[in-house]
Each structure stands twice: as C-alpha cells, then as structure tokens.
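Encoded as structure tokens, the structure appears first; notes follow it.
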Amino acid sequence: MEARIPIIVGNWKLNKTIAEALALVTELKNQLASLRRVDIGVAPVFTAIHPVVKRLDGTNIGVAGQDCYWQDRGAYTGEVAASMLADAGCRYAIIGHSERRQLFGETDENVGKKTRAALDAGLTPIVCIGETEAERDSGETFNRIDAQLAGALDSIEPHEVDRVVLAYEPVWAIGTGRTASPAQAQEVHEHIRGQLRQRFDHVADSVRIQYGGSVKPANAENLMRQPDIDGGLIGGASLAAADFVAIVKAAHLAMGS
Ligand code: PEP
C-alpha cells in the first residue's frame, strides 16, 4: 500500500470577510507554494468561496465548503448544493461538523445523503464524527463513532470509499483548548480504521482519517506522527497564517519520518 498523503484543512467557520479571506490565502499561497505530498485546503464562508478559488487558482491549496445540500436544485431556501460547490471550484465539502449536528439538527442520515451528493458532484467529502464529553464519560465513544460511520457510509461502495476523508473530532476538544492526547486520538483512529476494514476490507488502509480538536503548532507534530492519523481539520488555528502554515509543515515533517 502506498503511504497515505496527509490532508490539512482549515475550517474558518463564521469568520473572515472576502477581503480578510483573500489576505489570508495570499499569505498561505506564498508560504506553502513549494510544499508537496501534503494536501491542503481552506473552508471559507460561502460568500468568500468564489473569490478565494480564483485567488488560489493553479496552487496546491484547495477550497472546501463548510456544508452542502444533497438536492441539486429546488425549493430549499438557504441551502447550497454539493454540485454548486463544485461549480464554484471547490475540491472538498466538510460534512456533519459537530456544530452543524449540535446547533442545526444535522442527523447521521442527512450526513449520509450529503456524503453521497458530494461524491456524485466530484467533491472529496470530509465527514466529521466524534463523541461528546458525556458520551466519552459513559463509555459510549465507540458506539457513537460506529453509529456516525454507519450513517455516513451507508451508500458508499468499496471502490469509492478512498475518496472519502474522515475527520475524528471529539466534541469536547473543539474550540476548548483541550486536545485529545496523541494516544487517545490514535486509539479512536485505530478503531475507525478497524470499522472501515470490516465494511470495505483492505481499501480501509487507503482512507485518510484526520484529527480535529484544538490542534496547534505546538501539538500538531506529535498527533500527526500517530500511525492512523493522516492530517488535521483545524479550526481556530487556521485563522492566522503563521499557525496554519506551521501545522501544515508539522504534518509534512511527521510524514517524512
Ligand atoms: C473544528 O472546528 O473543526 C475544530 C477542530 O476547531 P478547533 O481547532 O478550534 O478546536
């Protein structure tokens, strides 16, 4: 099996005007232009996607939507179709982020439909899964992960699962400054890969599983060195060019050793 190429994506959430987004990606483009063998992405708000795509044209940095809808068109006020993200030049779509699940009622079933739609639109879905603190404390972590995986991957065939990226994001570590230790994260990543193996056999070894939850320049390399961690989904630290660049470089370094 070829080594999995790590993938680092910045989830900007509800931050950055178009002007601010362009300033940030111009920095990233200048500082990361020569980096190979690591996939890099940024997820601006919908209104900044197209200008950011244009600014990053021809670079090694892809653009992600922070969500998508499974219908292509119709009476669905406020939604943006996966196919429209592709039309705007996106390469990725983040799906099932815990904030969407907790604040906007995203269900495991909807995550499955969005994952299907993203693949059909030619996008790489980045599917977020992870347990809450209460679920971890009551020993439910693996059960929750398994249910989320089942929902997300319900309609995915073995020949296409390696186009899906999973992001393990323990909810208690998102935006809290609390990071899962490398060993805690690896334990869950290994479990996820085991589940993928049961469903998809050896193809599971090609699927990339990002870690997300308070990743910073200081902890990135140790996390990325874990055998089943293949990059990161970065929230707060992706809003400052220096931090995001340092995390991308840490992932690159961890892969090379
Ligand atoms: C996220 O929002 O996906 C995330 C991991 O946030 P943070 O890095 O800020 O914890």
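Numbers here are sequence positions counted from 1. Note that ligands are numbered from 1 as they come in the structure, with each ligand's atoms numbered from 1 the same way. Just so it is clear, the structure is predicted and the values come from calculations on it, not from any experiment.
- The proximity of Ala173 to ligand 1, defined as any non-hydrogen pair under 4.0 Å, is limited to the backbone.
- Below 4.0 Å from some heavy atom of Ser214 lie the following atoms of ligand 1, by number and element: 7 (P), 8 (O), 10 (O).
- Judged by distance alone, the side chain of Asn15 and the main-chain N or O of Trp12 form a donor-acceptor pair under 3.5 Å.
- The pair Arg197-Asp205 meets the salt-bridge criterion, with a side-chain N (NZ, NE, NH1 or NH2) lying under 4.0 Å from an Asp/Glu carboxylate O.
- Taking the six-membered ring where the residue is Trp, His191 and Phe142 present parallel rings, their angle staying beneath 30° rather than reaching 60°.
- Salt bridge status for Asp39 with Arg208: present, with a side-chain N to carboxylate O gap under 4.0 Å.
- At least one N or O atom of Gly236, backbone or side chain, sits closer than 3.5 Å to an N or O atom of ligand 1.
- Nearest non-hydrogen protein atom to atom 1 (C) of ligand 1 is His97 NE2, 3.2 Å.
- Comment: Asp67 engages Lys114 in a salt bridge, judged by a side-chain N to carboxylate O separation of less than 4.0 angstrom.
- Between Lys216 and ligand 1, no N or O atom pair is found at a separation short of 3.5 Å.
- The protein heavy-atom contact nearest to atom 8 (O) of ligand 1 is Gly235 N, 2.9 Å.
- For Ala237, the heavy-atom gap to ligand 1 stays at 4.0 angstrom or more.
- At least one donor-acceptor pair closer than 3.5 Å links the side chain of Ser214 to the backbone N or O of Gly177.
- Side-chain contact of Thr26 with Arg55: a donor-acceptor pair under 3.5 Å is present, judged by distance alone.
- Ion pairing between Asp162 and Arg4 fails under the 4.0 Å rule for side-chain N and carboxylate O.
- Each of the following atoms of ligand 1 lies closer than 4.0 Å to a heavy atom of Gly213: 5 (C), 10 (O).
- For ligand 1, the polar-atom distance check against Glu99 finds no nitrogen or oxygen pair separated by under 3.5 Å.
- Taking the charged nitrogens against the carboxylate oxygens, Glu221 and Arg225 do have a contact shorter than 4.0 Å, which makes a salt bridge.
- Ligand-side atoms of ligand 1 in range of Asn11: 1 (C), 2 (O), 3 (O), range being under 4.0 angstrom from any heavy atom.
- The protein atom (non-hydrogen) at minimum distance from atom 5 (C) of ligand 1 is Glu169 OE2, 3.1 Å.
- Among the atoms of Thr176, none of the N or O lies under 3.5 angstrom from an N or O of ligand 1.
- Below 3.5 Å of separation, one finds an N or O of Gly175 facing an N or O of ligand 1.
- Contacts with ligand 1 closer than 4.0 Å are made by heavy atoms of both the backbone and the side chain of Ile174.
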